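Scroll down for the structure; my scribbles are underneath it.
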Amino acid sequence: MRAKSFLFILACFIFAGTVYAGETPFSEFTSYQKAVDVQQIGLNDPVWDTVIPVRHPLQRQFLVLPKPAEVGVKEVFFQSVHDGKYIAFRLTWKDSTRNDSINVVNFSDAAALEFPVRRDPLPKYFMGEEGKPVHVIYWKAWRSKDQDQGFQTVKTAYPNMTSDIYTFDYSVKGKGTDKTQQEKEIFIPGRAANNPLSFPHKEIVEELSAEGPGTLTSKNIENTRGVAEWKNGTWTVLFVRPLAVNDASSVQFRIGEKMPLAIAVWEGGHLEVGGRKAVSPSWAEVKVE
Amino acid sequence: MRKVYNWQIGRNASYIYPENRPKKQWAIIFDLNKCISCQTCSLACKTTWTSGKGQEYMFWNNVESKPYGGYPIGWDLGILSKLGPQEWKGNKYTGKTLFEAADKDEKILYHLPEDADWAHPNLGEDEASGMINQGDWIATYPHRIWMFYLPRTCAHCTYPACLSACPRKAIYKREEDGIVLIDQSRCRGYRECVRACPYKKSMFNVETRVSEKCIGCYPKIEKGEMTQCVTNCIGKIRINGFVSTPDNARKDNPMDYLIHYKKIALPYYPQFGLEPNLYYIPPIHVAPSFLEQMFGPKVEKAMGTYINARNDHELQALLVLIGSTEKILHTFKVDEEYAYGYDEQGKEVVKVPITEPKIIRDYHDAKLNAYRQNTP
Ligand code: SF4
Ligand code: SF4
């Protein structure tokens, strides 16, 4: 028993070492070059049967308060292919509850891939650090449902709710009424403040950058296509992006090179949100074959 | 955790950030003996600030019936039962604050209500503390069976839980008036503030997907006016202004006078450790044991001072100033007959007779040749 706990403590130190030094990757993945049109690839494309999913253990976020006592998702399976132009990442994990609807007190299932914007010097793997940004590619189940069924509103959240009057809900008529729409939105705080969360988006994946915990900022670009599906207690999420994109603060992939990456998963049914999440124990690495 | 001084519990207490008091601190005093639960305050707030989609369930100002009512349901029991026994020694709180009772992985001890808990803003309305027996009549203070109305807004706490819980620093406390605001462009809807605020005054908007909270009517405050919930109060139970720390209290500031000099207005649940800036004149008919867990050990003395107000000319004068003007009173003055209130520049904004002149009119109005009747 004692020897076991000693080993555990030792293992923790080794973990911590890799986290801060950021040199030895925890897991190594490969993005296999395949003769398929990756740009058009689907979630259940036959190509995925030719790539063995690599198990990647996740642990509770342990660096910044609040830390979840325990996380709902403890492992995720990783696959990746590319065709020289586009690269696709496919994540699969078990989650018995599908949390994709918005309520006042519920949280969305979600997953994110994090990459350093520049590998040298490598930023801290947990959200990057000042002057050493990371690029986060973030899928949220809420946005999948938005895409399938239309942007969720209070009416979809609470279909039986009634409200007599919305005092400032002016009608917006016809074309050329942008100004009226704007005037209307003055009274919708998130939209008036231009918060990207408050508007519908084309993609289900949000792209962000961060330079340390608490600095996550939406990049207002949509270079990554996402596809997600929940079936039989399993989420499968696909992220597809060009290897290289025209944005200096985005990650760029090159054939033959290795790129550090970290994965995070949120189990909404477990009230996970923000820093309450399951994360890679340190930087992993993906080799673009 | 840092150590900060919390005068409401008479000791240093833990907080996430160092002590950083604003130049002035927004506060409301409520005379709970006078609230009639007309909800005019709730509606004044609602029509001004939260009439939009996604805000339907939001009552930045709510009024609940105690002991059983609550919005959201059980907000108080939820956190009190988690906190466990809350001991005071004299005027010093010797138990743990919510920051001190936090689990090692958390910043604060919290209670997260369920979705449906927010759906019934006035459940338990008018429910009394127990069954009324046949033949019961009210003979003494406190009443054997009681209930009272508790109006609440955000307390724009000196040590806000919402602010300290936000991992993005999207919540800030204004230096000029102590009002606590959520930056609507920085918020990412994590709802850490919703979890952390023990008073449950930070709320999530499902339409915009970010959190919102009471803004202390800052546009009115900036104009020297009291908040909507205060100025629309039918019962004239409220006064809004700026409270000082005990060291800097001015006797001619109406807020300081009631809070620090008369010690008649007490903060609610000071033991949570947030230094909330809602102060209540306790209802004198309610069981002191209940009031003590809510307002701390000074409550019985405050009730005595209130009962004795009829012999205290100055206190009476102040009580009549409550609800007499829309302007924030920075100072007040009393003479034999009148109470006077002044704005920040020292200009008189209100003058109220301490005792309304009594006029008795004849049963018969000779001019109109009509009989006057009392309509009960
Ligand atoms: S308006 Fe005044 S009297 Fe009416 S419920 Fe609100 S606080 Fe009470
Ligand atoms: S009452 Fe709650 S929301 Fe208001 S300042 Fe205090 S902690 Fe924040």
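When reading the values below, keep in mind they use all heavy atoms of this one structure, side chains included, and skip hydrogens, waters and symmetry mates. Letters A, B, ... mirror the listed sequences (proteins, then strands); counts begin at 1. Note that the coordinates shown come from a computational prediction; the quantities given were computed from them, not determined experimentally.
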Tell me, for [X] versus chain A, whether the close heavy atoms (under 4.5 Å) come from the side chain, the backbone, both or neither.
| X | result |
| --- | --- |
| R188(B) | both |
| E207(B) | both |
| T50(B) | neither |
| V206(B) | both |
| I182(B) | neither |

TODO: Please flag which part of N194(A) lies under 4.5 Å from any non-hydrogen atom of chain B: side chain, backbone, both or neither.
DONE: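 Neither part.
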TODO: Sort T156(A) into side chain, backbone, both or neither according to what part of it lies under 4.5 angstrom from a heavy atom of chain B.
DONE: neither
Open item on the list: Strictly distance-based, threshold 3.5 Å: is any side-chain N or O of W266(A) a donor or acceptor partner for the main-chain N or O of A278(A)?
Closed with: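 Not a single qualifying donor-acceptor pair exists.
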Looking at [Y], does the NZ or CZ of [X] lie under 6.0 angstrom from its six-membered ring centre and within 45 degrees of the ring axis?
| X | Y | answer |
| --- | --- | --- |
| R209(B) | Y190(B) | no |
| K200(B) | Y71(B) | no |
| K53(B) | Y166(A) | yes |

Open item on the list: Please identify, among G190(A), G214(A), A69(A), the residue contributing the most non-hydrogen atom pairs under 4.5 Å to chain B.
Closed with: G214(A)
- [ ] Would you please say whether a donor-acceptor pair under 3.5 Å links the side chains of Q184(B) and N195(A)?
- [x] no
Open item on the list: Less than 3.5 Å apart, any donor N or O on the side chain of Y15(B) or R2(B) sitting next to an acceptor on the other?
Closed with: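 Side-chain D/A pair, Y15(B) to R2(B): absent.
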Task: Among M203(B), E106(B), Q55(B), residue most engaged with chain A (heavy-atom pairs, under 4.5 Å) - done: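 The answer is E106(B).
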